[in-house]
Visitor: 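Once you've had a glance at the structure underneath, I'll fire off some questions.
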Amino acid sequence: SNFIIKQWYQRRVAITAGGFYTGGSIVCDLNCEKIHYIADNIYCCGAGTAADTEFTTRMVSSKMELLKLRTGREGRVISALRMLKQYLFRYQGYISAALVLGGVDVTGPALYTVYPHGSTDKLPYVTMGSGSLAAMSVFEDRYKLNMEEEEAKALVCDAIKAGIINDLGSGSNVDITVIRKGEVEVFRPYQVVCQKSQRQGDYTFPRGTTVVTNTTEMVPFSALQVTDEEVMEL
Amino acid sequence: KQWYQRRVAITAGTLGSYGSLARFRDIQRLMKVNDSTIIGGFGDYADFQFLMKLLRQQTIDDEVVGDGVYRDAPAIHNWLRCVLYNRRTKFNPLWNTIVVAGKNYGGEPYLGYVDKIGVAFEEKTVATGFGSYIALPMMRKAMDENPDMGVEEAKAVLKRCLRVLFYRDCRSLNRFQIGVVSAGETSISEPMSADTDWSIGANPSGYE
């Protein structure tokens, strides 16, 4: 499990995610990408089963591109939302993808959350995943309408850090993607929270540790000479 | 529950639920055991009342000895751990999570946690139930940033936690008491409420 959050502030959307993928209780990937590209103006964070989030977002991304080509217009977040929820509902929750979808389109900034069974929410700030409660506590405490960008980035980073530090299923760094009208800024990583420490000493054995009892010289292949050759007839 | 600058603050709601019914909205979940300890109970209220009765008797026993020495917070914490672990071993647990807040004989602040399965530890910040998911991150952050905070600051942090808990925990009530154990006084406040701001709620409409 891992987690992601998003927040809508002042005509832009900041989405952020921790960087962990776990397999049971082992960390599989220390620094994975959880903010998935859906369209140039739409990004999606995925919590739940990693494969499900990866493939679901890829599928919706391709469908959005096809829609863009067909309509000749920039895609809307709501279209991606509809595709996601109809897809996930069809699978009755067996596709364990809990997604936070955000973007800025012609109608303005948009932030939605999609649950594995297909229900959706439209909210100013959302969190999903195992660390969502810790992150939500930060949001509930400090979210205000119409925050400035730096303030929002700091808030969103603190929320992820709360999850990274207090939840065992989350970890690693904070990535932030800020989506504005016409441009997207990716901070990867925005902040390194858990860094693998340096090895304290050199544990390699010095040459000569193992006593050499016998040596045989290996003859290189090129040193061999062909003395007799017979080609088999087929 | 939080340990700050030679004092300890502990807080508990005043709700006694009956499943998902908010049955008793004015119960005391904080108990002042003696001048050095306040305990807070989570879980089965009947079991908590049983423990309160035993602790009250213990305090009377301490007084009757007449040497002016009362059990301090670590002693009560240890006693509770023994009782709770023993009951768990007999497959008849007291279904509680108790937080022991107080000071030891040397006057140093003490904050301990005991569980229905006998898990017991001492920490600077402790929370039970939903609080461990929501309030503990906030309290830990506050302690990291300001380890030597005063009474009012700590109470403010606890109120912030309780406000967020009221926002996010379905089975909660916006009514709580705060207990403080310090060098001077040990007291439990009157029930109070946290200010809540629901103006954000006006914004979202619909689900897509």
Side-chain angles (χ1 to χ4, degrees), chain A residues 3 7-9 76-86 89 101 107-115 118-127 129-147 155 157-170, chain B residues 1-2 11 13 113 119 121 123-147 149 153-172 174 193-208:
Chain A
F3 79 118
Q7 172 196 324
W8 162 7
Y9 63 94
R76 299 189 189 195
V77 185
I78 195 112
S79 315
L81 182 76
R82 271 294 172 94
M83 289 177 200
L84 281 166
K85 76 152 104 179
Q86 285 173 350
F89 180 73
L101 181 70
T107 60
L111 182 60
Y112 300 98
T113 178
V114 189
Y115 289 84
S119 62
T120 57
D121 271 327
K122 183 171 90 169
L123 293 165
Y125 52 91
V126 286
T127 65
S130 61
S132 62
L133 284 145
M136 187 47 91
S137 77
V138 175
F139 273 157
E140 289 285 13
D141 195 32
R142 284 160 49 187
Y143 180 82
K144 302 190 296 286
L145 287 168
N146 298 321
M147 275 190 281
L155 177 63
C157 182
D158 276 347
I160 290 275
K161 264 165 64 174
I164 288 172
I165 293 168
N166 294 291
D167 174 48
L168 294 175
S170 310
Chain B
K1 294 89 192 172
Q2 176 183 332
T11 174
Y113 168 108
V119 167
F121 55 83
E123 251 285 4
K124 293 206 172 69
T125 52
V126 140
T128 61
F130 224 83
S132 40
Y133 296 99
I134 293 200
L136 203 50
M138 289 169 68
M139 289 196 292
R140 281 182 181 162
K141 183 146 191 271
M143 283 296 284
D144 283 343
E145 281 170 0
N146 189 5
M149 61 178 95
E153 283 169 301
K155 279 193 191 171
V157 171
L158 286 177
K159 279 198 191 143
R160 264 173 49 210
C161 294
L162 288 161
R163 175 175 42 230
V164 178
L165 277 167
F166 179 58
Y167 284 152
R168 284 283 150 176
D169 182 7
C170 309
R171 311 266 189 265
S172 64
N174 191 11
S193 294
D195 304 314
T196 54
D197 176 22
W198 297 94
S199 61
I200 302 275
N203 263 305
S205 58
Y207 53 90
E208 57 166 22

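Here is the naming used below: chain letters follow the sequence lines, and residue numbers restart at 1 for every chain.
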Visitor: Are there over 12 heavy-atom neighbours, none belonging to B:Tyr113, within less than 6.0 Å of that residue's OH?
Guide: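 Atom OH in B:Tyr113 is packed in, count exceeds 12.
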Visitor: Identify which of B:Met138, B:Arg140, B:Arg168, B:Arg160 forms the greatest number of heavy-atom pairs closer than 4.5 Å to chain A.
Guide: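 The residue among B:Met138, B:Arg140, B:Arg168, B:Arg160 with the greatest pair count is B:Arg168.
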Visitor: Has A:Phe89 got more than 12 heavy atoms of other residues, nucleotides or ligands less than 6.0 Å from its CZ?
Guide: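 12 or below, so no.
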Visitor: Any chance CZ of B:Arg163 has more than 12 other-residue heavy atoms, nucleotides or ligands included, within less than 6.0 Å?
Guide: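 Counting neighbours around CZ of B:Arg163, more than 12 heavy atoms of other residues, nucleotides or ligands fall under 6.0 Å, so yes.
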Visitor: Which distance, rounded to the nearest 0.5 Å, do you find between the CD of A:Glu140 and the CG of B:Leu165?
Guide: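 Rounded to the nearest 0.5 Å, the CD-CG separation comes out at 10.5 Å.
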Visitor: Answer with side chain, backbone, both or neither: which region of B:Tyr167 has an atom nearer than 4.5 Å to a non-hydrogen atom of chain A?
Guide: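 For B:Tyr167, the contact with chain A is made by the side chain alone.
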Visitor: Taking all heavy atoms of A:Pro124 and all of B:Ile200, pick out the closest pair and write down the distance.
Guide: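 Closest pair (atom of A:Pro124, atom of B:Ile200, distance): CG-CG2, 3.8 Å.
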Visitor: Between A:Leu81, A:Ile165, A:Asp141, A:Asp121, which has the largest tally of heavy atom pairs under 4.5 Å with chain B?
Guide: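 Most heavy-atom pairs within the cutoff with chain B belong to A:Asp141.
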Visitor: Report the residue from A:Asn166, A:Val138, A:Asp167 that forms a side-chain contact (heavy atoms from CB on, under 4.5 Å) with B:Pro137.
Guide: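 The passing option is A:Asn166.
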Visitor: For B:Lys141 and A:Asp158, what are the C-alpha separation, side-chain angles and deciding distance, and is it a side-chain contact (heavy atoms from CB on, under 4.5 Å)?
Guide: CA-CA 10 Å; B:Lys141 183 146 191 271; A:Asp158 276 347; 3.6 Å; yes
